[in-house]
Every structure is written in structure tokens, then in C-alpha cells.
2 protein chains.
Amino acid sequence: MEEDTRQAADYGRELSTAVVMFHEAVGAHLGVTAGDQRALAVIGRHGPLSAGALAEHTGLTPGAVTGMVDRLERAGLATRDPDPQDRRRVLITATGHLPDVFTDLAAAMATVTARYDQTQLATIADYVTRTVEVLREQTRRLRDTRR
Amino acid sequence: MEEDTRQAADYGRELSTAVVMFHEAVGAHLGVTAGDQRALAVIGRHGPLSAGALAEHTGLTPGAVTGMVDRLERAGLATRDPDPQDRRRVLITATGHLPDVFTDLAAAMATVTARYDQTQLATIADYVTRTVEVLREQTRRLRDTRR
DNA sequence: TCTGATAATTTAGTACAGTAAACTAAAACA
DNA sequence: TGTTTTAGTTTACTGTACTAAATTATCAGA
């Protein structure tokens, strides 16, 4: 049992490293930062947001959001559309264009998950869900303790 | 089945985000970059490395490695020890001092994995191992296709 | 209609990680 | 012993993301 939980820590670490490096590579490839990608995810889930709303979501200044959206636009991931209700505003809209890198990853992961039956998938889902909760909690704690 | 693999993609995405954000928080908390942490992991596994060897491992210039080691030292994670065989050299040595953040995470993850029996742990290990392989392969492809 | 507030962008500046080159000390070799 | 090479650090510079403040256009309210 002890041996198995130690192994779990090892591959958890390897998974972390692999995830971080993958995302760095994606960022470098697309010319966007991790924060850019997270902002894009917010827009994708929520729908178009004004630059100001995005600034609130990200905690960045309006100027920094301008830069962020520039990068997302340049990468073909988002556009600025005028807001019909307020001409001062732009609505940052996800293009929905999924870069090959994500479709490739999804396809590869589909072949991985296709190996498992329902029970196994439930176990995996449980593990991942709990892991995500742990990570979020630990992240929260870190953010709350100032250096 | 299709529903389940789509859910797998969703929590895979959430896991990715949680991992990246956790590591960013760790980095900010400790004052080290992701690259610093990876270099530290190399030293931890391999044993002390000279600055030059570390530069080769990381692909950075000697000057950048000096900065990296400065940061690791400042965070209490590594030290510079003289190399008895060549006085021009320093051996970058991991202190082995595990920051609370990692022990806390390990403890939290241990409670997660303690929920599963041997069969379930084997399933999880299989999933994680394959996921890591997929991520590494995709990362390699990205690095190989220049922007 | 005018004034104050708001939205996004631009401008000027900062912080940081990294590179290239210079520097200093030590090692290797003739 | 003198010269060349090597190791790590420092210095000067670059690129990038970000902040603060200024700018320009639009909106809301008196």
C-alpha cells in the first residue's frame, strides 16, 4: 500500500511536469501566455466579454488586457467585435477555431480513455476530480499567504 | 461511451488548468520559475551538477544559469558547493529541503489515493502513465515544428 | 447642452528572464 | 614557464508582460 502511494506521488509529479511543459510548448507555438489561454477559456465558456470584464476576471489592468487580446487576435483565437449597445466597448469573442494542437491532443487522449470500461472510467474520473480539488485548495492557500 | 470520453476531456482540461495554476502559485510563492523547478528536479534525481552541466541540461547560457541558481539559492532549494576536483567549478546541490507546499500537497494526495484498492490504483497508474506519454509526444511535436 | 464618468488604447516606465560579450580565476598543454 | 582553454560570474543589452498615467471617444445625467 505504501509502495503504491509512493508510486502515485511519482507519477503525479511526472504528470505535473508533462502538463506544464506541454502548455509551455503550446504557448510558445501559438504566441500566447498561460494567462491568455485561461482568459480564452473563460470567454469560451461564458461567451463574449468586454475588455473591462476580462480585466476584472483576470485581475489585470486595462492596458495589459489590450496586450492580451492583441496576442489572442494574432493567434487567430479571438476577435474584437463592437458592442452594439455601447460604442466605447469591444466584445472579445473566441473564434472557436481550435488549433490543431488541441484536436491532436483530444484525439490522442480519446484513444487512451477508450481502453477503459465504465467502472474504470469512474475511478479515473473520481481520482482526477479529487486531484483537481486538492490542487485548487493548495493553490488558494498559496495565494492567501503572501511572500 | 461517447459521453464518458467527453467528460474525460473536460476533466483533463480542468486538471491541466489546476496543475498549471498550482505551479504558477508555487513559483510565485518561492520566487522561482517553472524552469528553475525543473532544473532542481534534475539535480534531485541525478545528484549535484556543475553550472555548465546544468546549462547543457537546460539549454540556457551560462549567464542565465547563474541567475537560475541565484534564485534557487535564495529560495533555500539549492546551494553552490566547490568542486574538490576543479576549483573553477561549483557543484549545484539540492538542499533536499522540501517546501511545506510540496509536503502539504503530498499529504493531501495521499488521502486521495488511500481511497482506492489495488485494482483501482493500477487503473489510475495506467491512465496517468499513458497521459504523460501522450503529453510528452505532443510536446515533442510542437517543439519540432517551428513557428 | 454641458459636464463628469466610463471604455479601450496608447505612452512611458518597470521588472524580470534571458543572451552576448567581457572579465577573472583556474586548469591544461606545449 | 608561458600560452591557450575552460568555468562561472558580471556587465550591457534585448524582449516581453505588466502597471500607471495620459489620451480619445462615447455615454449618462443634470
Side-chain angles (χ1 to χ4, degrees), chain A residues 20-21 23-40 42-43 48-75 77-93 143 146-147, chain B residues 20-21 23-40 42-43 48-75 77-93 143 146-147:
Chain A
V20 170
M21 290 186 74
H23 279 271
E24 280 170 0
V26 169
H29 183 76
L30 295 178
V32 296
T33 69
D36 298 346
Q37 290 175 52
R38 279 201 296 278
L40 185 64
V42 169
I43 294 161
L49 286 172
S50 70
L54 200 52
E56 279 181 30
H57 259 98
T58 58
L60 297 178
T61 63
V65 165
T66 296
M68 177 181 268
V69 178
D70 288 346
R71 291 192 295 274
L72 289 173
E73 272 198 324
R74 203 181 307 135
L77 300 172
T79 56
R80 285 177 170 90
D81 302 325
D83 183 341
Q85 317 211 354
D86 184 340
R87 291 200 292 174
R88 298 173 298 184
R89 267 204 190 115
V90 289
L91 292 178
I92 318 298
T93 309
R143 299 285 193 201
R146 295 301 169 190
R147 274 217 75 212
Chain B
V20 170
M21 289 185 75
H23 280 271
E24 280 171 359
V26 169
H29 184 75
L30 296 177
V32 296
T33 69
D36 297 347
Q37 291 176 50
R38 278 202 296 280
L40 185 65
V42 170
I43 293 161
L49 285 172
S50 69
L54 200 52
E56 279 181 30
H57 258 96
T58 58
L60 297 178
T61 63
V65 165
T66 296
M68 176 181 270
V69 178
D70 287 347
R71 291 192 295 274
L72 290 173
E73 272 197 326
R74 203 180 307 134
L77 300 172
T79 56
R80 286 177 169 91
D81 301 326
D83 184 340
Q85 317 212 355
D86 185 340
R87 292 199 292 170
R88 297 172 299 180
R89 265 206 191 117
V90 290
L91 291 178
I92 317 300
T93 310
R143 299 283 192 204
R146 294 302 167 190
R147 273 217 77 214

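Nothing here was measured: the structure is a model prediction, and the numbers come from that model.
Within the 4.0 Å cut-off from OP1 or OP2 of D:dA28, not a single side-chain nitrogen or oxygen of A:Arg88 is found. One finds a side-chain N or O of A:Arg80 lying less than 4.0 angstrom from the OP1 or OP2 phosphate oxygen of C:dT9.
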Inset, instruction - List the steps and the verdict of side-chain contact (heavy atoms from CB on, under 4.5 Å) for A:Arg38 and B:Val20. - result: CA-CA 10 Å; A:Arg38 279 201 296 278; B:Val20 170; 4.0 Å; yes
Inset, instruction - Just do the side-chain contact (heavy atoms from CB on, under 4.5 Å) check on A:Leu40 and A:Asp36 with the steps written out, would you? - result: CA-CA 6 Å; A:Leu40 185 64; A:Asp36 298 346; over 6 Å; no
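Distance check: A:Leu91 CG to A:Asp81 CG gives 6.5 Å after rounding to the nearest 0.5 Å. Atoms CD1 and CG, from A:Ile92 and A:Leu77 in turn, are 13.0 Å apart once rounded to the nearest 0.5 Å. Atoms CD and CZ, from A:Gln37 and A:Arg71 in turn, are 11.0 Å apart once rounded to the nearest 0.5 Å.
For the pairing with A:Arg80, the side-chain hydrogen bond (donor to acceptor under 3.5 Å, both in side chains) check across A:Thr93, A:Thr66, A:Asp70 returns one residue only, A:Asp70.
Between the CD atom of A:Gln85 and the C1' atom of C:dA7 there is a distance of 15 Å, rounded to whole Å.
Closest contact between the side chain of B:Asp86 and the listed nucleotides D:dT9, C:dA7, C:dA26 involves C:dA26.
For the pair A:Arg87 and A:Gly67, nearest-nucleotide mapping onto DNA chain D gives the more 5' position to A:Gly67.
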Inset, instruction - Do nucleotides 16-22 of chain C as a string where each nucleotide becomes B, S or -: B if the base has a protein heavy atom under 4.0 Å, S if just the sugar-phosphate does, - if no protein is that close. - result: -SSB---
